[in-house]
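First up is the structure itself, then whatever we jot down about it.
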Number of protein chains: 2
Amino acid sequence: MASNAVMEETLQILKDHKLRVTPQRHIILAYLVSHHNHPTVEIIRDALGKELPNMGASTIYNTLNTFVDHHLVVELQNGDGSTHYDYFGTPHYHAICTNCGRIVDVTYPGFSDTEKGLEEKTAEISGYMISGNHMEVYGLCPECQIKLGIKNNE
Amino acid sequence: MASNAVMEETLQILKDHKLRVTPQRHIILAYLVSHHNHPTVEIIRDALGKELPNMGASTIYNTLNTFVDHHLVVELQNGDGSTHYDYFGTPHYHAICTNCGRIVDVTYPGFSDTEKGLEEKTAEISGYMISGNHMEVYGLCPECQIKLGIKNNE
DNA sequence: TAATAGATGAGAACCATTCCAATGTAATGA
DNA sequence: TCATTACATTGGAATGGTTCTCATCTATTA
Ligand SMILES: [Mn+2]
Ligand SMILES: [Mn+2]
Ligand SMILES: [Zn+2]
Ligand SMILES: [Zn+2]
């Protein structure tokens with residue numbers, strides 16, 4: 001699906017909830033849709049500083065929290081103390097480097113079955129009414145393996 | 001395995017790493033091993049206040065961070081702003097209530113296979129050298145379902 | 001156009017966690 | 001046993017990401 005179609009579809013979700021599509025919300029969403037870098041508020045602020053120099057930090061937090069509330073975006077922690085945000089258009093999970101904090105997307109055929117199985121088992125056992133899940137796998141990214149001398153640079 | 005056997009085994013891990021088994025570390029570990037309430041630092045502090053009234057908050061943080069570094073304890077977030085800690089003796093994952101924050105343990109036969117499969121797939125796809133994973137499932141706990149009128153109290 | 005509700009922005013406030021320096025205590029070795 | 005060294009605890013200060021407050025601004029509705 002084209003990036004602007006994703007945008008339109010997502011913005012419609014906001015409209016459906018009587019939320020206004022402001023320039024700030026539009027530009028933040030566009031940034032998230034077009035970048036897969038799992039940015040922090042600070043990174044978003046720096047990246048959008050040229051287009052909207054006066055955008056307040058509160059606005060970025062408010063906007064991202066709104067997106068999270070509507071399940072358009074997920075929050076991630078990589079241990080660096082700040083929250084990372086991820087436009088969650090396509091189901092996937094994350095591998096997070098315990099050394100440098102790098103977060104990469106992962107998915108594979110059959111992943112959604114695994115996910116669904118986990119949710120069903122959990123509902124059955126715990127009695128919870130399931131609304132979602134987070135899976136994260138931790139380890140050393142390829143670059144840190146080299147940096148730390150664990151893997152040879154070939 | 002008896003609780004004191006678990007304690008001994010865990011304390012030995014500290015000794016093996018040349019870490020001293022102080023009264024503070026001992027009492028905090030004992031609390032975690034014998035409670036499955038996924039406590040915060042504040043909860044631990046309140047619970048142990050009678051036994052060690054002068055224990056500093058820094059000590060609790062230091063101790064828990066040490067345990068986490070040695071993979072004896074895992075950290076959990078439930079959205080209430082503070083970190084929750086869990087003695088991770090037996091592999092399991094968590095169901096977290098999005099309304100009240102309640103965290104419950106879940107496991108089932110075959111869970112470790114699911115877990116292992118996820119780690120192997122991830123290593124293969126991402127090139128990461130895997131050291132662990134976190135799985136969390138979100139939803140409404142049974143009590144909140146009733147409280148919110150979603151499920152009838154039978 | 002008037003009235004209302006929703007959104008932004010600057011800075012203050014919050015608060016969980018970390019940092020720091022002083023003090024205390026266990027391990028080591030002569 | 002004494003001296004030395006390394007590890008740990010403590011209380012308080014500092015940090016810093018996030019939330020809160022409120023005046024201002026803008027979109028929506030009637
Ligand atoms: Mn992602
Ligand atoms: Mn648990
Ligand atoms: Zn890395
Ligand atoms: Zn609940």
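- Atom CG of A:L19 is separated from atom P of C:dA5 by 16 Å (rounded to the nearest Å).
- At least one side-chain heavy atom of B:N37 sits less than 4.5 Å from a side-chain heavy atom of B:Y31.
- In this structure, A:H17 atom NE2 and C:dA5 atom C1' are separated by 18 Å, rounded to whole Å.
- Counting only residues at least two apart or on different chains, no salt bridge (charged side-chain N to carboxylate O under 4.0 Å, His left out) pair has a member in residues 52-76 of chain B.
- When all heavy atoms are compared, the tightest approach of B:M129 to A:Q145 is N-NE2, 3.1 Å.
- Separation of atoms CG (A:L29) and CG (A:L64) is listed at 10.0 Å; rounding is to 0.5 Å.
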Could you run through nucleotides 23-30 of chain C and give me one letter per nucleotide, 5' to 3': B if any protein heavy atom sits under 4.0 Å from the base, S if only the sugar-phosphate is that close, - if neither? --BB----
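- Shown here are the ring pair (Phe, Tyr, Trp, His ring centres under 6.0 Å) partners of B:H70, two or more places apart in sequence or in another chain: B:H17.
- Between A:I60 and A:I28 there is a side-chain heavy-atom pair separated by less than 4.5 Å.
- In this structure, B:D80 atom CG and C:dC15 atom P are separated by 13 Å, rounded to whole Å.
- Sorted by first and then second residue, the side-chain hydrogen bond (donor to acceptor under 3.5 Å, both in side chains) pairs with a member in residues 113-131 of chain A read A:E115-A:N133, A:E119-A:N133, A:T122-B:Y93; sequence neighbours excluded.
- For residues 41-63 of chain A, no pair satisfies side-chain hydrogen bond (donor to acceptor under 3.5 Å, both in side chains), with sequence neighbours left out.
- Every residue two or more places apart in sequence or in another chain was checked for a ring pair (Phe, Tyr, Trp, His ring centres under 6.0 Å) with A:H36, and none qualifies.
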N/O donor-acceptor pairs under 3.5 Å from side chains in residues 135-143 of chain A, not counting sequence neighbours:
from   : atom 1 : to     : atom 2 : distance (Å)
A:E136 : OE1    : A:Y138 : OH     : 3.0
A:E143 : OE1    : A:R102 : NH2    : 2.8

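- Applying the side chain to side chain contact (heavy atoms under 4.5 Å, CB included) rule to A:H71 yields no partners; only residues at least two apart in sequence or on another chain are considered.
- Aromatic ring centroids of B:H134 and B:H94 lie 6.0 Å or more apart.
- DNA chain D lies under 4.0 Å from at least one heavy atom of each of the following residues of residues 38-72 of chain B: B:N54, B:M55, B:G56, B:S58, B:T59, B:N62.
- Between the two ends of the helix from C:dT1-D:dA30 to C:dA30-D:dT1, each summarised by a five-pair axis, the helix axis turns through 30° (rounded to 10 degrees).
- Every residue two or more places apart in sequence or in another chain was checked for a side chain to side chain contact (heavy atoms under 4.5 Å, CB included) with A:S34, and none qualifies.
- DNA chain D lies under 4.0 Å from at least one heavy atom of each of the following residues of residues 21-37 of chain B: B:T22, B:Q24, B:R25.
- Rounded to whole Å, atom C1' of C:dT17 lies 12 Å from atom CD of B:Q77.
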